[in-house]
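Letters go in sequence order (proteins before strands), and every chain restarts at 1.
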Amino acid sequence: MRVSPEILRSLENESIEILRECAGTFRKPVILYSIGKDSSVLLHLAKKAFFPAPIPFPLLHIDTTWKFREMIQFRDEVVAENDLDLIVHTNQRGVKAGVNPFTTGISEYTRIMKTVALRDALDIHGFDAAIGGSRRDEERSRAKERIFSVRESGHLWDPRNQRPELWRTYNTKLLPDQSMRVFPLSDWTESDVWFYIQQEGIKVNPLYFAKPRPVVARGHQWIMVDDERFPLAAQDAVELREIRFRTLGCYPLTAGVESSARTISEILDEVLEVRLSERATRLIDGEKEDSMEKKKSEGYF
Amino acid sequence: MSILRLMTCGSVDDGKSTLIGRLLVETESVPSDTIEGARSIRRTGSTIAPGEIDFSLLTDGLEAEREQGITIDVAYRSMALPDGRRLIIADTPGHEQYTRNMVVAASRSEIALLLLDATRGVRTQTHRHLTICALMGIEKIIVAINKMDLVDNQEFTFSELASQVMDIGKRLGFLPTVIPIIALTGANVVSKSEDFGWYGGASVLESIQNWNGSQPDLDSSFLPVQLVSRTQDFRGVSGTVVGRGFSLGDEVRVLPTAQKGTIRKIYAGVKEVHHAGNGEAVTFEIFPEIDISRGQVLADVGSTAILSRNLVANLVWLGERDLAIGHSYLLQSGVMQSPVELRAVRNVIDVESGDFLQHREVAKNAIAEVELVLTFPLLFTNYRASREFGNFILIDRETLQTVAAGMVNETQTKSENVSRQNYEVTRSERSRLKGHQPHVIWLTGLSGSGKSTIADALEKSLSSDGVHTYVLDGDNLRLGLNQDLGFSREDRRENVRRVGEVAKLMMDAGLVVIVALVSPFAEDRTAVKSLFAVNEFSEVWVNTPVAVCQERDPKGLYKRATKGEISNLTGIGQEYEPPKEPALVLDGTMDLDSNIFLLRGLLLT
C-alpha cells in the first residue's frame with residue numbers, strides 16, 4: 001500500500017522534534033552515519049530540523065574496512081556536498097590482528113569491528129548521545145526499544161530495565177557513566193523510508209539500484225565480489241548478475257537480491273510486492289535466532 | 001489524523017498476541033519470511049499444528065519472553081489500515097510490570113484494545129486494565145471477548161459479559177465498544193463473521209477504522225521552545241506547534257517572561273512558509289530579538305493561559321523507591337522543567353476497585369492523587385482538556401530515573417501577573433544553586449567551653465569546601481541585634497528565641513548556620529528546635545568541665561564572677577541544663593580536628 005504524504009509529514013515532524021531534543025539537551029551528540037538509506041533520510045531530516053543553521057552534530061562512521069567501495073565513495077561525496085563534519089573510526093587493533101569477515105567468524109568479527117569499534121569511538125570522543133537510523137520494523141528486538149534508549153556503563157543495554165518513555169516528554173538526563181542511543185526513525189517502516197526518499201528527492205547509494213554485478217553463490221544468496229580480498233575457492237564461479245541491495249553493510253556479509261529495479265519507483269514496486277523482511281539479506285542476523293538482542297545488549301547499535 | 005495509535009491489554013492466555021498477529025497478517029503488514037518463521041518455530045508446549053502460523057510469535061521479540069511465553073516490554077508494530085491511515089500498535093505485557101508498561105503505551109495511544117477470555121469472564125486484571133485506560137485518557141476502548149467458540153449459549157454469555165464491562169465503563173466514565181471474537185480462526189477480527197448472526201456491531205478492525213480521533217481542545221496556540229539556534233545573521237526559535245497555529249506577523253508572548261515579539265519568518269524544513277499548524281515542527285524568527293530560551297513557551301498574544309506553581313495531579317508511581325513527602329524531584333512536561341516538592345498524598349487509589357485505600361504509602365505501581373508545588377510556574381492545563389499540557393513526569397534527582405507519570409487534575413493559580421511569580425524561588429531551589437543542603441548546627445555549652453573556637457574552625461573547614469556558611473555568635477549578636485537584652489531568665493529566653501529565628505531565616509536562604517550560644521535552658525532550646533524539621537537542625541553540646549572553662553576564662557568572666565562583679569554567670573551563679581538528646585556531644589578538651597571531623601559527620605546525612 002502506498003504511504004500518504006500526510007503520514008510522511010507526521011513521521012517527519014516527530015523525527016525533527018526528536019533531533020531537536022538531542023541538540024537541546026545533550027552535551028555532545030553525534031549522528032551515527034552508516035551510509036545506508038536510513039542514514040540518508042536521517043541526514044535529510046537533520047538538515048530540515050536546524051535550517052537555516054547548519055546541522056549541529058558531527059557524523060561518525062564506523063569503518064570496518066570491509067564496506068562496499070561504492071559506500072565509501074558515496075560517503076565522501078555526501079560529506080563534501082553538504083560540508084559536514086565526518087569522523088571515521090576503525091578498530092585498528094582488529095585490523096592488526098587480521099580480523100576479517102571470512103575466517104574470523106561472523107559474531108566475533110561483528111563484535112570486534114563494529115560493536116567494540118563503536119564503543120571505543122564514542123568513548124574516545126566523549127559523545128554522550130549517538131543518534132542512529134534504526135527502525136522498529138527492522139527486527140523484533142528493535143520493536144521493544146525506546147526512542148531515547150539509555151546505555152549503562154560500558155554501553156550495555158538492559159532490555160528488561162528500560163527507562164519508561166511517556167508521552168513526548170523525553171527524559172534525556174544521564175548519569176556520568178551512562179550514554180544515550182537515540183532513534184528518530186523508530187516509527188518509520190521500510191516503505192515509509194522509500195516513499196520519503198522519492199518524495200524529497202534524497203540522494204541514495206547506487207548499490208540500492210539493480211545493475212549487473214560480479215557475484216558468487218553462498219548458500220541461497222548472492223555475495224558480491226567487491227575487491228581482490230574476496231577468497232575464491234576453486235569451485236567458485238564469479239558471474240555477472242543483475243542484483244541490488246536492500247541494506248548496506250560489509251560486502252562479504254550483505255547479500256544482493258536479483259532485481260531489475262533501476263529507479264526508486266521500481267524499488268517501491270518491489271518492496272511492496274516482495275514482502276521479505278529487509279534484514280533477511282544480512283548474513284549476520286540469520287546466524288542464530290535473537291542474535292540482534294544479544295549484540296545490542298553488548299553495545300551494538 | 002493520519003497516524004492512529006492503539007495499545008493492547010490482556011495476557012497471552014487471552015489470545016492477545018494471536019489477535020494482533022492475525023490483524024498484522026491479514027492487513028499484509030508482516031514480511032513473508034517472518035510469517036514463514038512463525039510456521040516453523042514453536043514455543044515449548046505449543047499445540048499449534050506444524051506448518052500453521054503461530055500468530056503469537058509475530059509480536060513477541062525478546063529471548064526471555066520467548067522462553068517464558070510472555071511479553072515483557074512494550075513492542076511497537078506498524079500496520080496499514082485499509083483506508084490508508086497508519087495504525088501503530090503498542091503491545092503491552094499482561095503480567096509483571098503491567099502497570100509501568102501499560103502506562104508507557106497508553107501515554108501515546110488514543111485507542112485501547114482489551115482482550116477478555118470468554119471462558120474466564122471479567123477478572124481483576126480486566127478492572128486494572130480499564131482503570132489505567134481511563135486514567136491515562138484513552139479516548140476509545142474496544143473490549144474484544146475472545147474464545148467465543150469455547151462457550152455454550154454464545155449470545156447469552158456475550159451479553160452477560162458485555163453488560164459487566166459496560167458497568168465498569170460507567171463507573172470509570174467511558175463507553176466501551178464490546179465485540180465477540182475468535183482470534184484463533186479470525187472470526188470478527190478483520191471482517192464481520194457469520195459465526196455471530198446475533199451480533200449487529202462491527203469487527204475489531206472496522207471498529208478501529210471507524211474512529212476518527214478528536215481534535216485538541218485548545219483555543220490558543222503555543223510553541224514550547226526546544227532550541228534557540230544562532231548563526232551570524234540568524235536567530236531561530238524551534239519547536240512543535242500545539243493548538244490552532246501561527247501565521248507570519250502574529251504577535252507572540254514569551255511565557256513566563258511576558259516579553260512580546262512578532263513572527264518575522266517561519267521555516268518548515270528548508271522552506272519558508274506563511275502558516276504553521278498543529279503538530280508541525282517549525283523554526284520562527286522573532287522580531288525584535290527578545291530573550292528566549294529552551295523550556296519557555298511562545299503563546300499567541302491573545303492567549304489567556306496562566307502558569308501554575310500548585311498542582312493537584314494523579315500519579316502512577318514507577319520508581320523502585322517509594323514516593324517521599326517533602327522530597328524534591330524534578331518535574332518535566334514536554335520541554336518545561338522545574339524542581340518540585342511533593343506536599344501531600346491525598347489518596348491512594350485501588351487500581352482494581354477504584355476505591356481509596358486506607359494507607360498513604362505510594363510504592364511502585366501505585367496510583368495516587370497528590371499535591372505538588374513547583375519552584376517555577378509552568379504552563380499546565382487539566383489532562384482531560386489537553387494531554388499535551390496536562391502531562392508530566394517526575395525524575396529522581398539522584399538516579400535521574402523517571403519515577404512517576406503525572407496527569408494534572410487541577411491547577412491552582414494566583415491571579416497576579418504571571419511574570420512576577422518567576423521570582424518566587426523556594427528553599428530547595430536556593431539550596432540546589434548552592435549545591436548543598438542548608439542546616440543549623442547549634443553549639444550549646446558553658447562560657448569558655450570552646451564554642452566560638454569550634455565554630456570558627458568548622459566554618460573555615462566548610463568554606464574551603466565551597467559550603468556557604470554563617471556563624472551566629474552569642475557575644476557578637478549582643479553587640480547589635482540583642483543589645484537591649486541582659487542576662488535575666490526572661491532576657492536569656494528572648495536572646496535564644498531571636499537567634500533561633502535568625503538562624504531559620506539564614507537556613508531558608510540556603511546556608512549552613514553555625515550558632516555558638518551558651519543557651520543554658522533546655523526549654524528555650526526545645527522551642528528553637530521546634531522551628532526546624534528533624535534533618536535541618538542539630539543540637540550539639542560542647543561538654544567541657546567547669547574547672548577547665550574557669551582555667552581558660554578567655555573573657556575574664558569567671559574571674560569577675562568569683563570577685564562578685566557579675567552575677568548570673570552560667571556554671572557559677574546560674575545553672576546549665578545539659579541537652580537530654582543532643583545530636584552530638586563534643587568533648588571540649590579534645591583536639592579541634594577531631595571535633596570538626598565529628599561535626600562534619602552531621603552534615604553528611
Check this for me: does any side-chain nitrogen of one of [X] and [Y] sit under 4.0 Å from a carboxylate oxygen of the other?
| X | Y | result |
| --- | --- | --- |
| B/Glu320 | B/Lys364 | yes |
| A/Arg136 | A/Asp187 | yes |
| A/Glu258 | A/Arg244 | no |

Chain A contact via [X] - side chain, backbone, both or neither, heavy atoms under 4.5 Å:
| X | value |
| --- | --- |
| B/Thr27 | neither |
| B/Ile35 | neither |
| B/Ser229 | side chain |
| B/Gln337 | side chain |
| B/Thr402 | both |
| B/Leu227 | side chain |
| B/Phe234 | side chain |
| B/Arg294 | side chain |

Quiz item: Most heavy-atom pairs under 4.5 angstrom with chain B, which of A/Thr169, A/Leu174, A/Thr189, A/Asp192?
Solution: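 That would be A/Thr169.
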Quiz item: Between A/Pro56, A/Pro52, A/Ser10, A/Ala49, which residue shows the highest count of heavy-atom pairs closer than 4.5 Å to chain B?
Solution: A/Pro52
Quiz item: Parallel, tilted or perpendicular: which fits the ring planes of A/Tyr196 and A/Trp188, with parallel below 30° and perpendicular above 60°?
Solution: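 Rings of A/Tyr196 and A/Trp188: perpendicular, over 60°.
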Which region of [X], side chain (C-beta onward) or backbone (N, CA, C, O), has a non-hydrogen atom less than 4.5 Å from a non-hydrogen atom of chain B, or is it both or neither?
| X | answer |
| --- | --- |
| A/Ala23 | both |
| A/Leu45 | neither |
| A/Glu12 | neither |

Quiz item: Do A/Leu185 and A/Val41 pass the side-chain contact (heavy atoms from CB on, under 4.5 Å) test, and can you show the C-alpha distance, the side-chain angles, and the key distance before you say yes or no?
Solution: CA-CA 9 Å; A/Leu185 304 184; A/Val41 167; 4.1 Å; yes
